[in-house]
Participant: 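Pasting a structure here, questions to come.
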Amino acid sequence: HSNINHDLTPDSVYRYSRHLLLPSFGVQGQSNLLKSSILVIGAGGLGSPALLYLAACGVGRLGIVDHDVVELNNMHRQVIHTEAYIGQPKVKSAAATCRSSSDKEVFSRINSTIQIVEYQEALRTSNALEILSQYDIVVDATDNAPSRYMISDCCVVLGKPLVSGAALGLEGQLSIYNYNGGPCYRCLFPTPPPTSACQRCSDSGVLGVVPGIIGCLQALEAIKIAGAVGEPLSGRMLLFDALSARIRIVKIRGRSSQCEVCGENSAFTQQQFKNFDYEKFTQAPLSTLPVKLNL
Amino acid sequence: HSNINHDLTPDSVYRYSRHLLLPSFGVQGQSNLLKSSILVIGAGGLGSPALLYLAACGVGRLGIVDHDVVELNNMHRQVIHTEAYIGQPKVKSAAATCRSSSDKEVFSRINSTIQIVEYQEALRTSNALEILSQYDIVVDATDNAPSRYMISDCCVVLGKPLVSGAALGLEGQLSIYNYNGGPCYRCLFPTPPPTSACQRCSDSGVLGVVPGIIGCLQALEAIKIAGAVGEPLSGRMLLFDALSARIRIVKIRGRSSQCEVCGENSAFTQQQFKNFDYEKFTQAPLSTLPVKLNL
Amino acid sequence: MQLTLEFGGGLELLCESVKIHKVNVDPPNGTEKFIMKDLLSWVRTNLIKERPEMFMKEDSVRPGVLVLVNDCDWELSGQLDTTLEDKDVVVFISTLHGG
Amino acid sequence: MQLTLEFGGGLELLCESVKIHKVNVDPPNGTEKFIMKDLLSWVRTNLIKERPEMFMKEDSVRPGVLVLVNDCDWELSGQLDTTLEDKDVVVFISTLHGG
Ligand SMILES: [Zn+2]
Ligand SMILES: [Zn+2]
């Protein structure tokens, strides 16, 4: 292994040595990772493990978007947050766990050597282009249908690969959109589902470790794209059923020439994106208040 | 949902509300979890995510066994540890992340309401019976062959289910042993492999998020057993290939009547366990020093 | 002809929370082929116990439902015209949005 | 007869790091069946490029290797006597110990 040309510092060589030893990842994969930038939208059930592993593995710049605050009923699955941060913004809590944070905390955390950028705001058509354009890869870790359409459309107009995960109840789903000529979210789902089919974790519940598994898989797929290794899960979808411990990886359709956003004759521009009403399109709000549980 | 008999405190109802909402988990599953005890052996790449999710989900008593100290080259995958704990015992670091820890730290962490028991020692035949006997479920998150045989044998003589995970390079494996009449580790692997076939992460490397995924799946299977829900992965094995994003769940043999430890005619007693030399049996040490990487 | 039908992502709630159904179906009178269009109406009649509008819209599945024939998106095999064969596995899964 | 052979858990290193091999094999002279015992010697002759002792021990696989025929442990189908059929998938995987 000696005498390979690389630009890793001695500290990085030591920190990431288990990656450097891998013939199929190695110095080149780690070097690619350190130069990459990844945006994670949502610091909840999916975003928590995704952020932990993306920070740990050495992504050069990691962005976190979330407008929410930490609540006690998040703690069963959002393992990046700590009880001390209940009531405080998730972005602050997640960033503090990933790196040496504010002056208040004298100790550093998982990886103080990477850059973390905090966006303590809801993602909207008004700020999405500006934020997403600064990253190589986007991870959708949100929890509602309008956000998923908005993020996919934004990735199409900006040409960014999208690692999309979802979890509800005891099931999870995962795919990569808009990557290497593959389909976008709208190619698969041109028409939004009826609102009655769009359950949320806050309404229907979720076993905490299920988004944990899907979020880790999102981190893996983002690392594969950023590191330029392996076969990313594009044109395929992973379907996970926790209760029966069954996993299917299925082949899905390719890019649709008829797609209104990424198709051949589409003229969906940045300006049209800015003016598109995703809440009206999906008949659902970008964020809601949770229901009260009466036991 | 109202007026169901249960023994959850109002705080627990709120903290675990997303679990309580699940028809297939609900109050009964959560109540089972809160009364259960789970021992995680190894607070490294597999143990980190397993411990995070087991603490978060509300396992009543969580034991952690590890003799090692946190090193910088663990940080790429052992996301439960923080840079401040480098050089300190992994058990201390992991316990501090899971709960309100020592007097030094005034803030609490993921779940201050559960009991965490620290075993800052290597697991040996001399202490294994005493430690494992105090838990309902055992999670093998170790990194070497002699430990895997020792833990499985100990689970057989004590009648404990074993959730066993492994990860190396870009692959992972997962199964449940000694559960509900299913096979033990020795039923599958009666003869130890040659030492040349027993690579470790420290020798061969591992992509950090791969044990992340397997460790989360271990937490899930332990939660299913503890909560008494779903079909645990017994008599089946999950094989994960991260590079190609392929997962197989295969059917494996049942309990072997010829098994030297769990078989019909076996007379493997606690005393024999105590006297068994696992290092000699596998021709491998229970712990080793990592190799130096020369770049 | 025996088929295995699986429902997921919440669609199982429409069939009494049973996810896997082994069923026997036969081509409609006067035809030889059994296609996905036939299966949808068979499912609607025989398996869906409530809220059929959560499963179908007009003569296809509702938006947000993926259909997989032997682990392959039905868009790749001809959608409603896909011919089914003995022992095929058909999965109906509703896309999830939670996280 | 076409078979798909897969190697994992490090065994692929013995076959030039290729994990999936689509191969054509025929029953030995004078026999009609092709069994796992035949496949093992075929693999040893045709695919294993180095350290054959990491793959086989005597006439079976070495300890620590799981053999799966169509996603099912070969212990359940007769081990070395398992009869193979066209399009079967055989997986050889070395058990991992890392973590
Ligand atoms: Zn499209
Ligand atoms: Zn046994």
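Letters A, B, ... mirror the listed sequences (proteins, then strands); counts begin at 1. What's counted below: heavy atoms across the whole structure, side chains too, no hydrogens, waters or symmetry copies.
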Participant: If we only count heavy atoms from C-beta on, is the C:T95 to A:Q173 side-chain gap below 4.5 Å?
Facilitator: yes
Participant: Counting heavy-atom pairs under 4.5 Å with chain C, which one of A:G47, A:G169, A:A197, A:G165 comes out on top?
Facilitator: A:A197
Participant: By a 4.5 Å heavy-atom criterion (distance strictly below it), what part of A:R236 contacts chain C: side chain, backbone, both, or neither?
Facilitator: neither
Participant: Let me confirm one number: the CG-CG distance from A:L239 to C:L68, rounded to the nearest 0.5 Å.
Facilitator: 6.5 Å
Participant: Could C:D73 and A:K251 be called an ion pair, given the rule that one side-chain N must be under 4.0 Å from one carboxylate O?
Facilitator: no
Participant: Does C:E6 pair with A:R246 as a salt bridge, N-O distance under 4.0 Å?
Facilitator: yes
Participant: Relative to chain C, which segment of A:D241 carries a heavy atom at a distance below 4.5 Å: side chain, backbone, both, or neither?
Facilitator: side chain
Participant: Taking C-beta and beyond as the side chain, do A:L243 and C:K19 meet within less than 4.5 Å on heavy atoms?
Facilitator: no
Participant: Give, as side chain, backbone, both or neither, the part of A:Y185 having an atom under 4.5 angstrom from any heavy atom of chain C.
Facilitator: side chain
Participant: Quick one, C:R62 and A:P193 - any side-chain contact, counting heavy atoms below 4.5 Å?
Facilitator: yes
Participant: By number, which residues in residues 20-59 of chain C have some heavy atom less than 4.5 Å away from chain A?
Facilitator: C:I20, C:M54
Participant: Please identify, among A:G254, A:G44, A:P194, A:P190, the residue contributing the most non-hydrogen atom pairs under 4.5 Å to chain C.
Facilitator: A:P194
Participant: Top residue by heavy-atom pair count (under 4.5 Å) with chain A, among C:G9, C:P63, C:G98, C:G8?
Facilitator: C:G98
Participant: Given 3.5 Å as the limit, does a donor-acceptor pair link the side chain of A:R148 with the main chain of C:H97, or not?
Facilitator: yes
Participant: Is C:E75 close to A:L188 at the side-chain level, that is, under 4.5 Å between some pair of heavy atoms?
Facilitator: no
Participant: When only pairs under 4.5 Å are counted, which of C:D71, C:L66, C:V65 shares the most heavy-atom pairs with chain A?
Facilitator: C:D71
Participant: Picking from A:A141, A:G45, A:A145, which has the most non-hydrogen pairs under 4.5 angstrom with chain C?
Facilitator: A:A145
Participant: Ignoring hydrogens, what is the shortest heavy-atom contact between A:A166 and C:L96? Give both atom names and the distance.
Facilitator: CB-O, 3.3 Å
Participant: Quick check: under 4.5 Å, non-hydrogen atoms only, which of residues 78-92 of chain C neighbour chain A?
Facilitator: C:V89, C:V91
Participant: Please state whether the side chain, the backbone, both or neither of C:I93 comes within less than 4.5 Å of a heavy atom of chain A.
Facilitator: side chain
Participant: For the interface with chain C, which of A:V206, A:I249, A:T142 has the highest count of heavy-atom pairs at distances below 4.5 Å?
Facilitator: A:T142
Participant: Under 4.5 Å, counting heavy-atom pairs only, tell me which of A:P211, A:S256, A:S196 racks up the most with chain C.
Facilitator: A:S196
Participant: With a 4.5 angstrom heavy-atom cut-off, which part of A:R248 approaches chain C: side chain, backbone, both or neither?
Facilitator: side chain
